[in-house]
Student: 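Before I ask anything, here is the structure I am working with.
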Amino acid sequence: MKKEFVKRYEGNPILTKANVPYKVETVHNAAVAKYDGKYVMLFRSHLDTGRSIIGKAESEDGFKFTVVDKPFMTPAKQEPFKEYEEFGVEDPRITYLEGSYYITYSAYSRHGVRIGLAKTKDFKTIERIAFITQADYRNTVIFPEKIGSQYVKLDRPHSDISPWSIWIAYSPDLIHWGQSKVVMKPVQYHWDEMKIGPGAPPIKTKKGWLSIYHGVFPTMDGSVYRLGVALHDLNDPAKILGVSDRWILTPQDQWELVGYVHNVVFSCAAVPEDDGTVKIYWGGADTVMCAGTAVIDELVELCLTCSRPAM
Ligand code: BMA
């Protein structure tokens with residue numbers, strides 16, 4: 001069986017705070033999409049207040065990015081968003097849907113963390129639409145097309161009795177969500193036994209929706225964040241066809257092992273290419289951005305042939 005499923009880009013890390021023309025402490029957990037023949041990255045940065053903002057970078061090849069001179073998204077100054085973004089905006093994801101780029105992001109405030117939905121057509125202006133969860137929710141990804149006449153999202157609510165699991169919900173308009181259901185949970189004595197959450201927006205394949213998620217394992221030296229893959233049924237994405245028993249990426253390079261938070265690889269983006277590969281982007285140690293490539297069919301087969309229970 002293959003040893004490495006993700007081939008790290010030799011120029012990692014692809015973006016660090018040294019590349020940002022304004023003062024930030026970190027560059028991590030970025031969304032990436034193809035727009036107008038280029039790659040656009042929306043990346044999270046901690047400020048020296050400990051709160052986060054979102055910057056923008058552009059690239060011709062998906063690996064060498066140039067940061068634009070001003071932040072793309074900072075906490076809202078107007079209600080109803082202001083109250084819930086007081087402590088920062090984090091971990092964006094982008095889904096291209098019906099001619100617009102929809103951005104889900106974590107909004108932090110004294111009321112907890114919840115998910116905001118915003119949209120852009122040109123990555124110049126951005127329109128906030130609504131909060132689409134209450135607290136305590138993080139890591140929402142929207143599927144790139146309607147399934148059976150409804151929009152679909154995966155997200156990660158948290159409660160003491162059912163910690164950090166992946167749930168699905170449906171919507172007629174991207175604003176009102178319901179029919180929610182738990183679809184995947186951390187599994188004991190497994191690399192993701194403490195927490196799981198959606199990573200990149202799901203990718204459509206012939207055999208199902210491929211979801212790259214993060215999983216967390218507790219150790220005496222703190223938690224380790226890794227990436228794994230799951231396959232959802234094409235027509236009924238609440239049905240999990242397989243979850244890989246093996247992780248696909250673990251902290252290994254120095255900038256993944258050491259940084260703002262050590263032992264972290266955390267993804268918010270995967271861009272499928274026409275040649276059957278996918279570019280996967282991840283934050284290393286909550287400090288820098290990294291990239292790598294994988295073969296989509298290999299990840300799908302891994303879900304189907306080397307599977308652990310979904311919950
Ligand atoms: C998670 C989130 C991520 C972060 C990760 C590792 O809970 O806060 O934004 O990358 O922890 O610190």
Side-chain angles (χ1 to χ4, degrees), residues 12-17 24-32 41-47 49-55 73 75 84-94 103-109 111-116 133 135-141 154-160 162-167 184-186 191-201 212-219 221-228 247 249-253 255-270 280-291:
N12 277 347
I14 59 168
L15 209 67
T16 74
K17 68 174 184 177
V24 295
E25 300 302 316
T26 62
V27 168
H28 64 300
N29 298 4
V32 182
M41 173 186 282
L42 301 181
F43 60 88
R44 170 179 172 193
S45 286
H46 281 106
L47 303 177
T49 55
R51 298 189 282 273
S52 294
I53 60 170
I54 294 170
M73 208 177 163
Y84 293 94
E85 296 182 13
E86 182 192 12
F87 298 160
V89 286
E90 304 185 353
D91 297 7
R93 271 91 174 176
I94 302 171
I103 301 162
T104 52
Y105 60 97
S106 302
Y108 258 93
S109 73
H111 310 303
V113 57
R114 67 189 306 200
I115 299 295
T133 72
D136 180 4
Y137 273 69
R138 287 188 67 96
N139 310 312
T140 293
V141 297
L154 299 176
D155 43 23
R156 195 239 59 192
H158 171 66
S159 65
D160 286 346
S162 178
W164 302 292
S165 304
I166 297 179
W167 289 58
M184 239 176 95
K185 295 177 91 159
W191 64 267
D192 65 3
E193 76 168 7
M194 183 182 173
K195 298 184 182 192
I196 57 169
I212 297 172
Y213 73 98
H214 66 264
V216 186
F217 190 84
T219 76
D221 183 34
S223 337
V224 183
Y225 276 74
R226 301 186 172 100
L227 300 183
W247 65 65
L249 195 75
T250 187
Q252 184 176 300
D253 281 333
W255 45 83
E256 298 163 349
L257 298 171
V258 180
Y260 190 82
V261 182
H262 68 300
N263 284 332
V264 174
V265 292
F266 190 96
S267 180
C268 296
I280 302 177
Y281 296 88
W282 63 90
D286 285 1
T287 305
V288 299
M289 273 309 295
C290 305

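Both ligands and their constituent atoms are indexed starting at 1 by order of listing.
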Student: What I want to check is whether the side chains of Arg114 and Thr133 have a donor and an acceptor closer together than 3.5 Å.
Tutor: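 There is no such pair between these side chains.
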Student: Using side chain to side chain donor-acceptor pair (under 3.5 Å) as the criterion, list what pairs up with Arg93, not counting sequence neighbours.
Tutor: Asn139
Student: Would you call Glu90 and Arg51 a salt bridge, taking side-chain N to carboxylate O under 4.0 Å as the test?
Tutor: no
Student: Heavy-atom cut-off of under 4.0 Å around ligand 1: list whichever protein residues fall inside it, by chain and number.
Tutor: Asn29, Arg44, Asp91, Arg138, Lys195, Tyr225, Val261, Val264, Phe266, Asp286
Student: Just checking, is any N or O donor in the side chain of His111 or Ser109 under 3.5 Å from an acceptor N or O on the other one?
Tutor: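 No - no donor-acceptor pair under 3.5 Å links their side chains.
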Student: My understanding is that only residues two or more places apart in sequence, or in another chain, count here; which of them pass side chain to side chain donor-acceptor pair (under 3.5 Å) with Tyr213?
Tutor: Asp192
Student: Got a sec, which residues hit ring-ring contact (aromatic ring centres under 6.0 Å, His included) with Trp167, two or more places apart in sequence or on another chain?
Tutor: none
